[in-house]
Student: 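Quick one: this structure, given as structure tokens, is what I'll be asking you about.
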Amino acid sequence: MSHHPRRRAHYLSPLEAVEIPTSLVASYDRAFGAEGRAWIAGLPALAAELLERWELRRDGAVAAGEASLVLPVLRRDGTRAVLKLHLPREETTAALIGLRTWNGVGTVRLLDHDPDSGSMVLERLDATRTLTSVEDDDVAIGILADVQARLVSVPAPPGLRGLGDIATEMLEQVPRAVTALADPAQRQLLRGWAAAVAELVAEPGDRLLHWDLHYGNVLAAQREPWLAIDPEPLAGDPGFDLWPALDSGWDDVVAKGDAPRVVRRRFDLLTEVLCLDRARATGWTLGRLLQNSLWDIEDGRTALASSSVTIARSLPKS
């Protein structure tokens, strides 16, 4: 979503073939198999059809994430935007619900969408400047917290998954998952995280959560200094939404030493700005670590991620 205000636009014909990055081809093959390969095969035609339907003019190089193709475009009135295409899934529907509900407050603005394909036209932000470019971590986490506070101030609309159902499903999976861990101490950790969730599951919350608000998903913009992108919304307690920020740039955090201090500082700033009960925020963050661990175990891992263990031990006791 890079933005070049002084550069003269390089117009490309909507019918010019869209080149699909090999990284996206590989990602879809890995994640979706035959369904993913079929979707990728039809992607150039879908892109051409939407460019023509919405009267969009291509305006730069194709980009791709793990699950989406992004085309910089100009709208009919000259507004800079991006066309984002991805396989229709539950997450795609949730993203549309969230973006429509937030309506650009704290997030990238949804300009148009196609309900059949899940494709979106979004305002163009500056993909070259994420919060990872902010060197002072207190400043970065403060910016993220301010964005997140705006997002979770909104009640979740109908149509989204709820944290209560997700937490209940997690607790049902724990007994079998525990047996997959090789280290008895880690089995005990996982049980402890599940116990924290069990205490909170009856009060799952009703806020509109982003679910993936890390430094890489907060971009510089013109309309506002910083805006969130790529939400995977659900309804729940904001405490369940802290982990991506706590884990942001984890390799750099570890390399600089004293990761527990960074985690505690980030947790303190987030809970202060979001006005969260610290004990509940700790419990729901442990719930997020539990969710990640269950996914890892499902993928065949037999040990907890070292980052999860460090974050859990760095949190204030609930």
Side-chain angles (χ1 to χ4, degrees), residues 1-3 12 14 16-75 80-104 106-127 130 151 157 159-161 208-214 216-219 221 227-234 244 295:
M1 295 193 201
S2 60
H3 193 60
L12 299 173
E16 187 172 331
V18 173
E19 182 178 341
I20 312 301
T22 55
S23 61
L24 188 65
V25 175
S27 176
Y28 265 79
D29 183 41
R30 186 169 58 248
F32 303 108
E35 181 189 13
R37 290 190 292 273
W39 185 81
I40 289 288
L43 189 50
L46 174 63
E49 192 270 317
L50 292 173
L51 287 165
E52 186 171 11
R53 183 201 306 178
W54 283 324
E55 300 182 70
L56 303 173
R57 306 172 77 175
R58 291 184 57 192
D59 183 43
V62 169
E66 278 289 309
S68 60
L69 183 76
V70 179
L71 301 176
V73 295
L74 294 173
R75 302 180 81 200
R80 291 177 172 86
V82 296
L83 173 61
K84 184 176 181 182
L85 305 105
H86 33 226
L87 184 70
R89 297 180 292 150
E90 182 183 23
E91 293 88 341
T92 310
T93 302
L96 284 167
I97 292 172
L99 289 171
R100 281 200 300 265
T101 303
W102 283 310
N103 194 27
T107 65
V108 63
R109 181 166 280 150
L110 179 68
L111 304 175
D112 212 334
H113 75 281
D114 175 43
D116 293 331
S117 68
S119 303
M120 308 176 191
V121 180
L122 301 163
E123 75 176 303
R124 199 188 310 183
L125 309 184
D126 186 352
T130 71
L151 302 185
L160 295 175
R161 291 190 71 193
L208 181 53
L209 307 184
H210 183 288
W211 209 2
D212 197 25
L213 195 65
H214 54 76
N217 273 345
V218 181
L219 271 57
L227 292 168
I229 64 166
D230 289 350
E232 300 177 17
L234 78 157
W295 286 337

Student: Would you mind reporting whether Val108 and Val82 have side-chain heavy atoms less than 4.5 Å apart?
Tutor: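 They are not in side-chain contact.
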Student: Please find the pair of heavy atoms, one from Ala47 and one from Val18, that lie closest to each other, and give the distance.
Tutor: CB-CG2, 3.8 Å
Student: Among all residues two or more places apart in sequence or in another chain, which pass the salt bridge (charged side-chain N to carboxylate O under 4.0 Å, His left out) test with Asp114?
Tutor: Arg53
Student: First locate atom CG of Leu160, then atom CG of Leu209, and finally report the distance between them rounded to the nearest 0.5 Å.
Tutor: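 Leu160 atom CG to Leu209 atom CG measures 9.5 Å (nearest 0.5 Å).
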Student: Does the side-chain contact (heavy atoms from CB on, under 4.5 Å) test come out yes or no for His86 and Glu91, once each step is laid out?
Tutor: CA-CA 10 Å; His86 33 226; Glu91 293 88 341; over 6 Å; no
Student: If we ignore hydrogens and angles and just use 3.5 Å, is the side chain of Thr92 paired with the main-chain N or O of Leu87 as donor and acceptor?
Tutor: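 Side chain of Thr92 to backbone of Leu87: a pair is present.
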Student: Any side-chain heavy atom of Pro21 sitting closer than 4.5 Å to one from Leu69?
Tutor: yes
Student: Donor-acceptor check, side chain of His210 to backbone of Ile229, threshold 3.5 angstrom: yes or no?
Tutor: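 It does hold such a pair.
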Student: Which atom pair, heavy atoms only, marks the closest approach of Ala61 to Pro72?
Tutor: O-CD, 3.1 Å
Student: For the CG atom of Asn217 and the CG atom of Asp212, what is their distance to the nearest 0.5 Å?
Tutor: 5.0 Å
Student: Would you say Leu71 and Leu51 make side-chain contact, with heavy atoms under 4.5 Å?
Tutor: yes
Student: How far apart are the C-alpha atoms of Asp230 and Lys84, what are their side-chain angles, what is the distance that settles it, and do they pass the side-chain contact (heavy atoms from CB on, under 4.5 Å) test?
Tutor: CA-CA 11 Å; Asp230 289 350; Lys84 184 176 181 182; 2.5 Å; yes
Student: Grab the two heavy atoms, one from Trp102 and one from Leu151, that are nearest each other, plus how far apart they are.
Tutor: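 For Trp102 and Leu151, the tightest heavy-atom pair comes out as NE1-O, 3.0 Å.
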Student: Looking at Trp39 versus Tyr28, is the centre-to-centre ring distance below 6.0 Å?
Tutor: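 Aromatic pair counts; centres sit under 6.0 Å.
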Student: Short question: side chain of Arg124, backbone of Val73 - any donor-acceptor pair under 3.5 Å?
Tutor: yes
Student: For residues Met120 and Ala95, report the shortest heavy-atom separation together with the two atoms involved.
Tutor: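 What the structure gives for the nearest pair is CE-CB, 3.9 Å.
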Student: What distance do Ser119 atom OG and Asp112 atom CG have between them, rounded to the nearest 0.5 Å?
Tutor: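 Rounded to the nearest 0.5 Å, the OG-CG separation comes out at 10.5 Å.
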Student: Quick check: do Thr107 and Arg109 have side-chain heavy atoms less than 4.5 Å from each other?
Tutor: no
Student: Would you say Ser27's side chain and Ala67's backbone share a donor-acceptor pair under 3.5 angstrom?
Tutor: no
Student: Where is the tightest heavy-atom contact between Ser117 and Leu50, given as atom of each residue plus distance?
Tutor: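 Residues Ser117 and Leu50, closest heavy atoms: OG-CD1, 4.2 Å.
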Student: Heavy atoms only: give me the nearest Ile97-Pro157 pair and the separation to one decimal.
Tutor: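 Heavy atoms only, the tightest pair is CG2-CG, 3.5 Å.
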Student: Set out, in order, the CA-CA distance, both residues' side-chain angles and the distance that settles side-chain contact (heavy atoms from CB on, under 4.5 Å) for Leu110 and Leu122, then state yes or no.
Tutor: CA-CA 5 Å; Leu110 179 68; Leu122 301 163; 3.8 Å; yes
Student: For a 4.5 angstrom cut-off between non-hydrogen side-chain atoms, does Leu74 reach Leu56?
Tutor: no
